[in-house]
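Protein chains get the first letters and strands the later ones, always in sequence-line order, with residue 1 at the start of each.
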Amino acid sequence: MCKNLGYYAKVIFFHKYWINICFFEEDLNTSNLLINWYQLNKRELPWRNTSDPYKIWLSEIILQQTRVQQGLPYFERFTHHYPTINDLASANEQDILLLWQGLGYYSRARNMHQTAKIIVDKYHGNFPSNYSEIIALKGIGEYTAAAIASFAFGLAYPVLDGNVYRVISRLFGIEKPIDTSQGKKEVTEALNLVFSQDNPGLFNQAIMEFGATHCTPKKPKCSTCIFNSKCEANRINKVESIPLKKGKTKVLKIKHTYLCLIFKKNTFIQQRTEGIWKNLYQFPLIEKYIGPNEIAKFLDNFLENTSNFKILDKYESKHILSHRKIDAIFYTIYVDTQPVFSKNNIFEIPLTEMSTKYPTSILTQNYLKNITHDQ
DNA sequence: AAGGCGGGGGT
DNA sequence: ACCCCAGCCTT
C-alpha cells in the first residue's frame with residue numbers, strides 16, 4: 001500500500017517521464033548493473049583503500065571541481081606531510097597553502113584548516129559520524145557530506161555531483177537545465193529511484209566512476225554501454241545535448257602590472273587580503289598596464305625615498321581562469337638604495353624564498369621560473 | 001537565484 | 001574558443 005502510494009507520487013511528479021519510471025520500478029537492478037560495472041572497471045585510487053574519515057574527507061575536498069588526475073599528487077603530498085587530522089590542525093595556514101599551491105580554489109585549503117582545528121578541539125580529533133554534524137563543517141556542502149557519510153560511515157545518502165547529474169539526466173532523458181532548482185529537483189528525484197540503500201558507498205562510487213570514465217561529457221561510449229537499451233537520452237538521440245545548462249559564466253578581461261624590485265638579493269612582496277588568490281603572496285601590483293617609461297612615476301608613488309633603478313626584464317604573460325582573463329606584465333627592477341615603501345603591507349624577503357616559502361598564484365610562479373631560468 | 005572562486009585537460 | 005571537472009560560500 002505504502003509502496004503504491006510512493007509509486008504514484010513518483011509517477012505524478014515525473015508525469016513527463018512516466019514511461020521511464022515504470023521501467024525502472026520494474027527493473028530493480030539498475031544499481032546492480034552500475035555496481036557490477038564498477039567492480040570490473042574501477043580505477044585503483046588511494047582513497048578507496050581506506051576507511052579513515054580524515055583521508056576520505058581530504059580526498060573529497062581536493063576533488064571538488066578538480067579532476068582525479070590533477071588532485072592525485074596533492075592527496076599524496078598532504079597525507080605524507082599531515083598523516084593525521086591533528087597534524088593538519090596544528091600546521092600553520094601558510095604551509096598548508098604552500099602545499100595547496102597550484103590546485104586553485106584556495107578557500108578549500110583555508111576552510112579545511114579551520115575544520116581540522118574544530119574537529120580536534122570540539123570532537124577530540126574524531127570525525128563526526130552523522131550527516132547533520134558533517135554538513136555543518138566549513139567547506140562541506142551537500143555533495144561532500146553525502147560522500148563522507150556513505151564512504152566512511154556506510155550511511156545511505158546519495159551523492160549528486162557533476163558525474164551523477166550527467167548519468168541520471170541522460171538515463172531519464174531530463175532536459176530541464178541542471179543549473180536550475182527545477183532541474184536539480186528532477187535529477188534528485190530520479191536519483192532516489194535508482195539509489196541503493198543497501199550499498200550506498202559502493203553505489204555512489206560506482207555512479208561517479210561511470211560518469212567520469214564511461215558516460216563522459218564528450219564522446220560517451222554509448223556503443224558499449226550497460227544502459228544502451230534503456231537510456232532515454234540515447235533513445236531520443238540527445239546524448240550529446242543532455243545535460244543542458246543555462247551557463248553563461250562571463251569572463252572578465254583585466255590587466256596587471258607587477259613590480260619585482262630587487263635590492264641586494266632581496267625583494268618586496270605583499271599578501272592578498274581578499275578576492276581571487278586570497279591570502280596568497282605577490283609582488284606589488286598595479287591593476288593596469290604600465291609602460292617602461294612610466295616606471296619612474298610609479299616608483300615615486302610606491303616609495304617614500306628616491307632611488308636610481310634599472311629595468312632588467314619585462315616579462316609578459318596571459319593567464320586564463322574560468323572567470324578571468326589576465327594580461328600581466330612583470331618588471332624586474334634593480335634599485336641602488338634601500339627602498340622604503342609608503343604602503344606598510346609590503347615587506348622584504350630574500351628573493352630565493354619567494355618560490356619556496358610563500359604561496360603564490362601560477363601566474364607569479366611562471367614569472368619566477370622565467371627569471372631564475374635566465375640567471 | 002546568481003555570481004565569485006583556479007587551474008588543467010579535452011575537443 | 002569553449003566546456004567541464006568527485007562544489008562551496010556569500011549576497
Checklist entry - Lys255(A) and Asp327(A): salt bridge (charged side-chain N to carboxylate O under 4.0 Å, His left out), yes or no, with the steps? => result CA-CA 5 Å; Lys255(A) 299 182 189 309; Asp327(A) 290 325; 3.6 Å; yes
Checklist outcome for this item: Per nearest nucleotide of DNA chain B, the residue lying toward the 5' end, Asp179(A) or Trp277(A), is Asp179(A)
Give a yes/no answer on whether the side chain of [X] brings an N or O atom under 4.0 Å of OP1 or OP2 in [N].
X         : N       : answer
Ser181(A) : dA1(B)  : yes
Gln64(A)  : dG7(C)  : no
His323(A) : dG4(B)  : no
Tyr105(A) : dC5(C)  : no
Arg324(A) : dC5(B)  : yes
Trp100(A) : dG6(B)  : no
Lys325(A) : dG6(B)  : no
Thr144(A) : dC8(C)  : yes
Arg67(A)  : dG10(B) : no

Item to check | Nucleotide forming a Watson-Crick or wobble pair with dG6(B), both distances under 3.5 Å | outcome: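 Because no pair has both required distances under 3.5 Å, dG6(B) counts as unpaired.
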Next on the checklist: Could you check whether the side chain of Ser322(A) and the base of dG6(B) have a donor-acceptor pair of N or O atoms closer than 3.5 Å, going by distance alone?
Outcome noted: yes
Checklist entry - Is Lys314(A) close enough and on-axis enough to Phe330(A), meaning under 6.0 Å and within 45°, for cation-pi? => result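 Here Lys314(A) fails the 6.0 Å and 45° test against Phe330(A).
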Next on the checklist: Less than 6.0 angstrom from the centroid, inside 45 degrees of the normal: does Arg77(A) satisfy that with respect to the ring of Tyr74(A)?
Outcome noted: yes
Checklist entry - Any idea which of dA6(C), dC4(C), dT11(B) is nearest the Lys218(A) side chain? => result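 Nearest nucleotide to the side chain: dT11(B).
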